[in-house]
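Report on the structure given below.
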Amino acid sequence: MKTAQEFYDVCVRHVACRNGLRAIKGLTLAEWWSKTERGDWMLWLCGKRQGEKGWPTRQQIVLAACDCAELSLSLFEKKYPNDNRPRVAIETARKWANGDVGIKDVRSAAAADNAADNAAADDAAYAAAAAAYAAYAAAAYAAADNAAYAAADYAAAAYAADNAADNAAARTARLRECSEICRKRLEVPCGEQ
């Protein structure tokens with residue numbers, strides 16, 4: 001993807017959302033990657049291209065998704081100090097990405113975390129549980145892009161739930177944090193300019 005048009009065309013082929021296409025219009029991959037504050041979109045793109053030459057592997061994407069998902073844990077653990085299921089689900093997905101556990105372990109941790117999500121009615125619990133599930137789904141399924149997007153989105157939602165008066169700003173701040181995580185953890189072929 002040497003040109004802005006090539007980058008745009010690739011995103012169209014992968015059925016990027018309308019807002020995402022507007023955000024990349026006229027930008028090369030290198031320009032967009034260096035300035036976007038949408039970590040969820042970065043994870044989505046990497047998920048679509050995972051394993052291709054110069055793009056991250058599923059394991060690398062899972063690790064970045066876990067880091068993004070962890071952004072929601074402090075709020076959850078503040079409200080539920082004795083419930084470690086979202087943390088365990090994220091840690092287990094990370095262990096899978098590092099080759100330390102099998103996918104059955106990840107499924108078990110996600111199932112326990114899903115029970116936490118179903119038992120809790122508030123936004124913080126939902127956000128943490130959903131983020132943890134997203135990290136699991138990134139490990140378990142080929143559709144890592146959807147899981148990674150969810151991880152970033154729910155990490156942002158957890159902080160937004162903490163401050164209802166400032167939801168948009170909180171969500172934007174978490175997505176910005178996720179974008180920095182992506183730039184730090186994931187390498188994409190931007191050098192093809």
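Model, not experiment: these values are computed from the prediction.
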Original post:
Taking all atoms of both residues into account, what is the closest heavy-atom pair of Leu43 and Cys182, and its distance?
Top reply: CG-SG, 3.6 Å
**OP:** For residues Thr28 and Thr3, determine if any side-chain heavy atom of one lies less than 4.5 Å from a side-chain heavy atom of the other.
**Re:** no
Original post:
With sequence neighbours excluded, what pairs up with Tyr8 under the ring pair (Phe, Tyr, Trp, His ring centres under 6.0 Å) test?
Top reply: none
Original post:
Where the side chain of Gln50 meets the backbone of Cys46, is there a donor-acceptor pair that is under 3.5 Å apart?
Top reply: no
Original post:
Do the side chains of Met42 and Ile181 get nearer than 4.5 Å, heavy atoms only?
Top reply: no
Original post:
Given the rule in the side chain to side chain contact (heavy atoms under 4.5 Å, CB included) test, do Leu45 and Val188 qualify, once you have shown the distances and angles that lead to the verdict?
Top reply: CA-CA 10 Å; Leu45 179 62; Val188 298; over 6 Å; no
Original post:
Has the side chain of Thr36 got a donor or acceptor atom that lies under 3.5 Å from a matching backbone atom of Trp32?
Top reply: no
Original post:
Heavy atoms, side chains only, cut-off 4.5 Å: are Glu180 and Lys184 in contact?
Top reply: no
**OP:** Quick one: pull up CG in Asn98 and NZ in Lys95 and give me the separation to the nearest 0.5 Å.
**Re:** 10.0 Å
Original post:
Closest heavy-atom contact between Ala93 and Val62?
Top reply: O-CG1, 3.7 Å
**OP:** Measure from the side-chain N and O atoms of Arg183 to the backbone N and O of Trp33, and report whether any donor-acceptor pair falls under 3.5 Å.
**Re:** yes
Original post:
Quick one: do Leu27 and Trp44 end up in the same hydrophobic cluster if we chain Ile, Leu, Val, Met, Phe, Trp and Tyr together by side-chain heavy atoms under 4.5 Å apart?
Top reply: yes
Original post:
So do the side chains of Cys178 and Asp40 get within less than 4.5 Å of each other, counting heavy atoms only?
Top reply: no
Original post:
Does atom CD of Glu187 have more than 12 heavy-atom neighbours, drawn from other residues, nucleotides or ligands, at distances under 6.0 Å?
Top reply: no
Original post:
Same cluster or not: are Trp55 and Ile61 linked, directly or through other Ile, Leu, Val, Met, Phe, Trp or Tyr residues, by side-chain heavy atoms under 4.5 angstrom apart?
Top reply: yes
Subject >> Heavy-atom pair with the smallest gap, counting every atom of Pro189 and Lys53 >> reply: CG-O, 4.4 Å
Original post:
Does any N or O in the side chain of Glu70 come within less than 3.5 Å of the main-chain N or O of Asp67, such that one atom is a donor and the other an acceptor?
Top reply: no
**OP:** May I ask you to say whether Arg94 pairs ionically with Glu91, meaning some side-chain N is under 4.0 Å from a carboxylate O?
**Re:** no
Original post:
Are side-chain heavy atoms of Phe7 and Lys25 found at a separation under 4.5 Å?
Top reply: no
Original post:
Is there a path from Leu186 to Ile24 through hydrophobic residues (I, L, V, M, F, W, Y) whose side chains come within less than 4.5 Å of each other?
Top reply: yes
Subject >> Under 3.5 Å: donor-acceptor pair, side chain of Ser34, backbone of Glu31 >> reply: yes
List the atom pairs, with distances to 0.1 Å, where a side-chain N or O of residues 12-23 and a protein N or O form a donor-acceptor pair under 3.5 Å, not counting sequence neighbours.
from: Asn19; atom 1: OD1; to: Arg22; atom 2: NH2; distance (Å): 2.2

